Amino acid sequence: MSINVISGKLPTHYTLPSGDKIPSVALGVWRADPGEVGEAVKTALKTGYRHIDGAWIYGNEAEVGQAIKDSGIPRKDIWLTSKLWNSFHAPQDVEAALNESLTKLGTDYLDLYLIHWPVAFKNNGKKNDVDFDLTENTYATWQKLEEMVDKGKVRNIGLSNFNIRRIQKLASNPLKVKPAVNQVELSYWNPQPELLQWAKDNDLLLEAYSPLGSQEKVKESLNIPEVKAIAKELGITPAQVYISWHIQRGTVVLPKSVHPSRVQENFQVTVLPDDAFQRIEKIAASHEPHRSVNPKWGVDIWN
């Protein structure tokens, strides 16, 4: 059965261990260029989005922050996520990196702060110089994030691109704050059913980035015959089928667009009939999984 339908509707929020409620649909601002991202954020907020997912490495936090300010929507009504970049995993670097994001975003706290990748770079000016010990042992970085929660600079902390082994290794330490989410690539091309089931079994919420298959695969995604047929049956678009499917799987979904019509389209979700949901699950699992995002930094990230 499809997993996440309550009283005939898809959830608008999920409740995290802190008790905070995270909106189930976010505007992702990865690859949103300067001069475009601010308008996309304004369109999203006007449409009804209350969740903006960004990161320091995207290089657009100042424009995102200005757009939020210009929207007139109170900061407390917007869920704001950023991410700690690989270069700042050393405990002495974490708070300064966070402070930079807070300053650019024009806020004194984040709703969610994630370790962006399970890869630590030495902060020595050399590009992608991997610190293998800190990469394999995330606990020192995590303890510093816990301090940021204690200081009130972050309300929830979590992970991104972590596999089960790496999550279990971190969780084998005495954590004061458990990871609230794990943001990973989830799409028709890379549905990751094992990770999804494990996360559910361990009360860890997944967030789906590149939910349409990233910009390299989105055109192909929207032309899958079975998905087009379901969209036609339901009177919605293929993109809306996928985004609804992600929420119905029990994940937060992070569609990204800077086109106003698509930003609006992506916010309209609907319950998929169970047979349609199961058809998508089946066809998504029927091919070899393909990652659209797979950086090569000299670390086997997925091991």
Side-chain angles (χ1 to χ4, degrees), residues 14 16-18 20 22 53 55-57 81-98 110 112-124 128-151 153-186 190-210 249-252 254 289 291-303:
Y14 299 100
L16 298 181
S18 66
D20 289 347
I22 183 170
D53 181 86
W56 178 90
I57 197 62
T81 297
S82 188
K83 306 179 189 79
L84 178 73
W85 185 241
N86 307 352
S87 305
F88 310 124
H89 283 208
Q92 67 270 20
D93 295 331
V94 169
E95 188 164 13
L98 171 60
L110 292 174
L112 180 62
Y113 198 43
L114 308 178
I115 297 178
H116 202 151
W117 287 93
V119 180
F121 297 155
K122 297 174 184 176
N123 193 3
N124 58 10
N128 301 351
D129 186 7
V130 175
D131 182 327
F132 288 96
D133 182 60
L134 198 52
T135 292
E136 188 58 30
N137 299 287
T138 316
Y139 184 47
T141 308
W142 189 259
Q143 286 180 295
K144 198 67 183 182
L145 294 185
E146 291 176 329
E147 280 185 35
M148 300 303 99
V149 175
D150 288 341
K151 287 187 174 186
K153 294 185 177 186
V154 180
R155 291 183 60 89
N156 302 272
I157 51 179
L159 308 169
S160 184
N161 299 297
F162 274 63
N163 63 9
I164 294 169
R165 181 189 73 82
R166 293 179 185 276
I167 300 167
Q168 288 176 322
K169 180 154 189 177
L170 174 61
S172 68
N173 296 286
L175 306 184
K176 288 173 62 180
V177 181
K178 292 182 179 180
V181 307
N182 185 26
Q183 185 178 128
V184 295
E185 182 181 343
L186 292 171
N190 191 36
Q192 302 207 65
E194 298 86 0
L195 178 62
L196 180 60
Q197 188 58 55
W198 183 90
K200 288 178 181 297
D201 292 343
N202 289 274
D203 299 318
L204 178 65
L205 180 66
L206 293 191
E207 295 187 318
Y209 74 75
S210 296
R249 296 181 100 206
T251 72
V252 171
L254 314 171
R291 292 186 186 277
S292 295
V293 183
N294 192 11
K296 307 298 182 185
W297 289 320
V299 176
D300 186 353
I301 294 168
W302 316 116
N303 181 27

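Just so you know, these numbers come straight off a predicted model, no measurement behind them. Side chains included, hydrogens not; waters and symmetry mates left out as well; all remaining heavy atoms used.
- Closest heavy-atom contact between P295 and W117: CD-CH2, 3.5 Å.
- Between L110 and L98 there is a side-chain heavy-atom pair separated by less than 4.5 Å.
- The nearest pair of heavy atoms linking L134 to A90 is CD2-N, 3.5 Å.
- At least one side-chain heavy atom of W198 sits under 4.5 Å from a side-chain heavy atom of L204.
- Scored by the side chain to side chain donor-acceptor pair (under 3.5 Å) test, D93 finds N123 as partners (sequence neighbours excluded).
- Within the 4.5 Å cutoff, the side chain of L159 has heavy atoms near those of the W142 side chain.
- Taking each heavy atom of L16 and A180 in turn, the nearest pair found is CD2-O, 3.8 Å.
- Under the rule for a salt bridge (Lys or Arg N to Asp or Glu O under 4.0 Å), the partners of D20 that lie at least two apart in sequence or sit in another chain are R155.
- Side-chain atoms of K176 and V149, non-hydrogen and from C-beta on, never get closer than 4.5 Å to each other.
- Residues E207 and L112 have side chains in contact (heavy-atom distance under 4.5 Å, counting atoms from C-beta outward).
- Considering only heavy atoms from C-beta on, P118 comes within 4.5 Å of R166 through its side chain.
- Put simply, the side chain of E146 gets close to the backbone of V177: a donor and an acceptor are under 3.5 Å apart.
- Here CG of D53 is found 4.5 Å from CD of Q183. Values are rounded to the nearest 0.5 Å.
- Here the side chain of Q192 pairs a donor or acceptor atom with the backbone of E185 at under 3.5 angstrom.
- Under a 4.0 Å N-O distance rule, the pair R165/E136 qualifies as a salt bridge.
- With a 4.5 Å cut-off on side-chain heavy atoms, T138 and K169 do not count as touching.
- Using modelled atom types, one side-chain atom of N163 and one backbone atom of W302 make a donor-acceptor pair closer than 3.5 Å.
- R249 places no side-chain N or O within donor-acceptor distance of the main-chain N or O of L196, the cut-off being under 3.5 Å.
- From D129, atom CG reaches atom CG of N124 across 4.5 Å, with rounding to the nearest 0.5 Å.
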